Number of protein chains: 2
Amino acid sequence: MTTLAAVPTPAPRTAKAEATRATIVAAAMRLFREGGYDATTMRAVADEAGMSLGSAYYYFASKEHLVQGFYDQLSAEHEAAVAEVLAAETGFVERYSGVLLRWIDLAAPYHEFAATFFKNAADPRSPLSPFSPESQAARETSVGIQREVLAGSDLKLPAALREEMPELLWLLQMGVVLFWVYDSSEDQQRTRALVRGVVPLVDRLARLTRLPVVRGIAGDIATLVRSLRG
Amino acid sequence: MTTLAAVPTPAPRTAKAEATRATIVAAAMRLFREGGYDATTMRAVADEAGMSLGSAYYYFASKEHLVQGFYDQLSAEHEAAVAEVLAAETGFVERYSGVLLRWIDLAAPYHEFAATFFKNAADPRSPLSPFSPESQAARETSVGIQREVLAGSDLKLPAALREEMPELLWLLQMGVVLFWVYDSSEDQQRTRALVRGVVPLVDRLARLTRLPVVRGIAGDIATLVRSLRG
DNA sequence: CCAAGAAGTTGAACACGTTCAACACTGACT
DNA sequence: AGTCAGTGTTGAACGTGTTCAACTTCTTGG
């Protein structure tokens, strides 16, 4: 999931290794879709991929690391889908909503067992955690998308907030993903409703910064965010 | 952790069972503190509690369920500590900050292995999840505290938001807990800074609702929250 | 073409969480 | 005292993720 890292596994030295990794991930995803994460054993994955258990562990350090392949795949698909939106729209609401809604569309088939993935990603010590050093690259990519969302939009922000806003949007996306994980409504309608409701609110709040009082608060938010980083 | 449920385990029938449960929880907490959650085996817990592995499983359905005892204990302590704050203070900032900071104080000794607890609680299907049906009671208690924070404070809210505000404060507390889990700073100073920065912001934002524009947005937030529930 | 190291492969073995059938104790009612 | 149900106890056994030493195959430089 775009936001949930694409942990850099040790770059495969050979083309064959790369292919084998892809084979294993594909096999795992097939089984995950059928029976869920927990019910899928590493032995079954190895079988499905046509190799021994030990071999699977030669390519992936753990069952958890197997999920990285999934992240990478989804991440790439999302970036492609997003490019389309960002080329066509100029309104902030359309751009940001588009980014979030496309993600929901892409991730939908995996919603059922995303819970287990999320469970692992939620561990701060896990390399899958969105805040982990390992996923810094993916995080920066994702924040970069948000920067682009803002850059190409009609939204004018006070200087104090301009710097921090992409990171805040990323954080909001993380919140949406969190909501999505817990969303048991049909077709994740509730998460979609959240996006459609919250994005215009952000837009209106941002535009309100023309008022001095509001701008003061915005400045304080920026200061707080800055002080909490590092 | 107050916010993270106190899952109602089947009420022990006998006094002896109650005592045995307490013994096991105490033994587990001792070992958790020494070596962390993962490194503590159920066999070791059973040993430390002076019984067989099977017996431990007679009292607790799983290693995860063992953690409930911890939640219950911390939850009770927090409620006591909070009562003191709420009796003394009338300012919203002091009341809400007090509630949050006391929780950080109480939870501090467990911060190191809270990550693992959180990892389990993050699974929406886990009974330990703050959103699970099993923890509804604990959740309502916690929302009730927020209601009390507001009721006894000097903060005036627009009618539209008054109903939803306790739940929003609870949600914010969940966010703080999330931040806390990931906070690796000395003595969780960063989480404390977050509380000290964010609570006054909430206060100022709430007071800004005297402006019609802002009040309109507040109303929309309330509507959105309402539509996402249920 | 050969040797040697790197890359890849394997199944047995380990530790752990969890389950279970069998057994033991307790206490209340006849 | 005897029976019976409820409560408690036990260690063996199972399935799982993970490790590892031994083995095979591939690649590369001479």
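Here is how names work: the chains are called A, B, and so on, in the same order as the sequence lines, proteins then strands, and each is numbered from 1. Only heavy atoms go into these numbers, but all of them, side chains included; no hydrogens, no water, no symmetry mates. Since the structure is predicted, the reported quantities are computational estimates derived from the model, not experimental observations.
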Rounding to a whole Å, what distance do you find between His65(B):NE2 and dT18(C):C1'?
-> 13 Å
Verify the distance criterion only: is there a donor paired with an acceptor across the side chains of His65(B) and Ser62(B) at less than 3.5 Å?
-> yes
Here the distance between atom P of dT16(D) and atom NZ of Lys63(B), to the nearest Å, is 19 Å
Are the side chain of Arg102(A) and the backbone of Val82(A) linked by a donor-acceptor contact shorter than 3.5 Å?
-> no
Leu66(B) atom CG is separated from dT18(C) atom P, nearest whole Å, by 10 Å
Distance-only donor-acceptor test (3.5 Å): side chain Arg43(A), base dG17(D) | yes
Whole angstrom value for the distance that separates P of dA15(C) from CE of Met42(A) | 20 Å
Heavy-atom distance under 4.5 Å between the side chains of Val143(A) and Arg147(A), does that happen here?
-> yes
Rounded to the nearest angstrom, tell me the gap between atom OH in Tyr59(B) and atom C1' in dG17(C).
-> 20 Å
For Met29(B) and Leu66(B), the nearest pair of non-hydrogen atoms, with its separation, is CE-O, 4.3 Å
Step by step, would you call Glu164(B) with Arg229(B) a salt bridge (Lys or Arg N to Asp or Glu O under 4.0 Å)?
-> CA-CA 11 Å; Glu164(B) 264 59 40; Arg229(B) 238 198 327 239; 2.9 Å; yes
What is the distance, rounded to the nearest whole Å, between atom CG of Asp38(B) and atom P of dA15(C)?
-> 17 Å
Salt bridge check: are Arg192(A) and Asp105(A) linked by an N-O gap of less than 4.0 Å?
-> yes
Which of residues 47-58 of chain A sit near DNA chain C, with a heavy atom under 4.0 Å from it?
-> Met51(A), Ser52(A), Gly54(A), Ser55(A), Tyr58(A)
